[in-house]
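The structure appears right after this line, and notes come after that.
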Amino acid sequence: MSGTIFNAKGFKITIIKKAGFDAVGFSRPVNFSDGSIGLFLKELTENGQMKKLAETLQTPQQIWVCLSGANCGDYGNCLECDSSCNGFDVRCTVCVEKTENHDFSRFNKNELFTLRIPASAWADFEVGEGQSFTDLHKNDVYKLVDEIGYEWNKKIGLHFDNEHEESIPNKELHFLLPVKIKE
């Protein structure tokens, strides 16, 4: 991805601009403390849904895990879909970025969930060799974007990552956070 590149505490951060897009996949309200995110990913892998989602496009593509605010009061604004998630920490959506080249015809109606993501600048954190998502989280992505003159775009109120692929050798690992120039 091309854009403006920064380095904060050893992490490469590229600021990119993305037009609005649809993230399409499987979704469930989850809590952080009960392991339900990992169980959801395991379930999707074991029942073949993760593979089926990956096969919606003939070329290799990234399967993202999107965590979005579940409680409307959390960030002041949230995506429309998340207001139905009361009592949970976040909505977890395991998804692909939809393009005109995807074929979702193998799925039943209402089987897939769609998040409409508005246009934004994004901080793309690359988790490089010798680094882990744990290291990234310990350094606090919100503080890292602050250090480079940006802040989290709360109006979008979510992030994407491929942390579930951390055990795959030589896999590019990314954490995407919508941002805006710090006010």
Side-chain angles (χ1 to χ4, degrees), residues 1-8 11-29 44 49-50 52-70 72 74-85 90-107 109-128 133 136 141-165 171-183:
M1 294 182 201
S2 64
T4 307
I5 298 173
F6 297 91
N7 187 306
F11 288 95
K12 179 182 172 183
I13 305 168
T14 305
I15 302 297
I16 57 173
K17 293 190 189 301
K18 289 181 68 68
F21 64 95
D22 288 335
V24 178
F26 302 98
S27 191
R28 172 181 298 170
L44 290 173
Q49 294 298 77
M50 188 85 78
K52 189 175 171 184
L53 184 61
E55 292 171 347
T56 61
L57 188 63
Q58 296 303 311
T59 59
Q61 64 181 314
Q62 182 59 59
I63 303 277
W64 294 104
V65 174
C66 173
L67 297 182
S68 53
C72 285
D74 287 352
Y75 310 125
N77 288 311
C78 67
L79 297 173
E80 187 176 318
C81 63
D82 293 337
S83 62
S84 64
C85 298
V90 294
R91 172 180 288 284
C92 180
T93 305
V94 179
C95 57
V96 294
E97 184 176 332
K98 182 181 179 183
T99 70
E100 65 278 351
N101 297 320
H102 281 91
D103 178 7
F104 295 105
S105 64
R106 294 179 47 206
F107 295 91
K109 185 180 180 181
N110 300 324
E111 185 176 2
L112 296 174
F113 184 83
T114 300
L115 280 172
R116 179 73 191 141
I117 311 297
S120 181
W122 292 78
D124 177 1
F125 294 83
E126 184 178 318
V127 180
F133 277 100
L136 179 62
V141 294
Y142 304 102
K143 288 181 182 175
L144 293 175
V145 295
D146 184 67
E147 286 180 22
I148 62 170
Y150 288 82
E151 63 185 355
W152 181 40
N153 187 342
K154 294 178 184 180
K155 288 185 178 185
I156 296 179
L158 50 75
H159 77 263
F160 291 90
D161 68 57
N162 64 338
E163 188 169 345
H164 62 285
E165 297 177 327
K171 179 68 179 183
E172 284 191 17
L173 301 173
H174 294 269
F175 183 95
L176 299 172
L177 186 72
V179 293
K180 61 183 182 176
I181 293 176
K182 188 168 42 173
E183 295 178 6

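Since we're looking at a predicted model, the values are computed, not measured. Scope of the values below: all heavy atoms of this structure, side chains included, with no hydrogens, waters or symmetry mates.
Between Glu97 and Phe160, the closest side-chain pair of non-hydrogen atoms is not below 4.5 Å. Side-chain contact between Glu163 and Val65 is absent, with no heavy atoms from C-beta onward closer than 4.5 Å. At a threshold of 4.5 Å between non-hydrogen side-chain atoms, the residues Leu115 and Asp22 do not count as touching. Contact annotation: the side chain of Phe133 approaches that of Asn162 to within less than 4.5 Å [non-hydrogen atoms, C-beta and beyond]. For the pair Ile15 and Ile13, the minimum side-chain heavy-atom distance is below 4.5 Å. Residues Phe175 and Leu144 are not in side-chain contact: their nearest non-hydrogen atoms beyond the backbone lie 4.5 Å or more apart. Counting heavy atoms from C-beta outward, Cys95 and Val24 have side chains that stay 4.5 Å or more apart. With contacts defined as side-chain heavy-atom distances shorter than 4.5 Å, the pair Ile148/Thr4 does not qualify.
Atoms OG1 and CG, on Thr56 and Leu112 in that order, are 8.5 Å from each other to the nearest 0.5 Å. The distance from the NZ atom of Lys98 to the CG atom of Leu57 is 12.5 Å, given to the nearest 0.5 Å. In this structure, CD on Glu151 lies 10.0 Å from CD1 on Ile181, to the nearest 0.5 angstrom.
The two residues Ala8 and Glu147 have their closest heavy-atom pair at CB-OE1, 4.0 Å. Shown here for Ile156 and Ala119, the closest heavy-atom pair between the two residues is CD1-O, 4.0 Å. Nearest heavy atoms, Arg91 versus Ser27: NH1-OG, 2.8 Å. Closest approach of Met50 to Ile63, counting heavy atoms only: SD-CG2, 3.5 Å.
Legend: residues meeting ring-ring contact (aromatic ring centres under 6.0 Å, His included) with His102, ordered by chain and number and at least two apart, are Phe104.
By the 6.0 Å contact criterion, NZ on Lys52 is enclosed, its count of non-hydrogen atoms from other residues, nucleotides or ligands being greater than 12. Atom CD of Glu55 has more than 12 neighbouring heavy atoms from other residues, nucleotides or ligands inside a 6.0 Å radius.
For the ring pair (Phe, Tyr, Trp, His ring centres under 6.0 Å) with Tyr142, the qualifying choice from Tyr150, Trp152, Phe125 is Trp152, the only one to do so. Among Leu53, Val96, Asn101, the single residue meeting the side chain to side chain contact (heavy atoms under 4.5 Å, CB included) criterion with Gln61 is Val96.
For the residue pair Glu165 and Gln62, a side-chain donor N or O sits within less than 3.5 Å of a side-chain acceptor on the partner.
No donor-acceptor distance shorter than 3.5 angstrom exists from the side chain of Lys12 to the backbone of Ile5, with no hydrogens or angles considered.
The aromatic rings of Trp64 and His174 sit perpendicular, their planes meeting at an angle over 60°, well past the 30° parallel limit.
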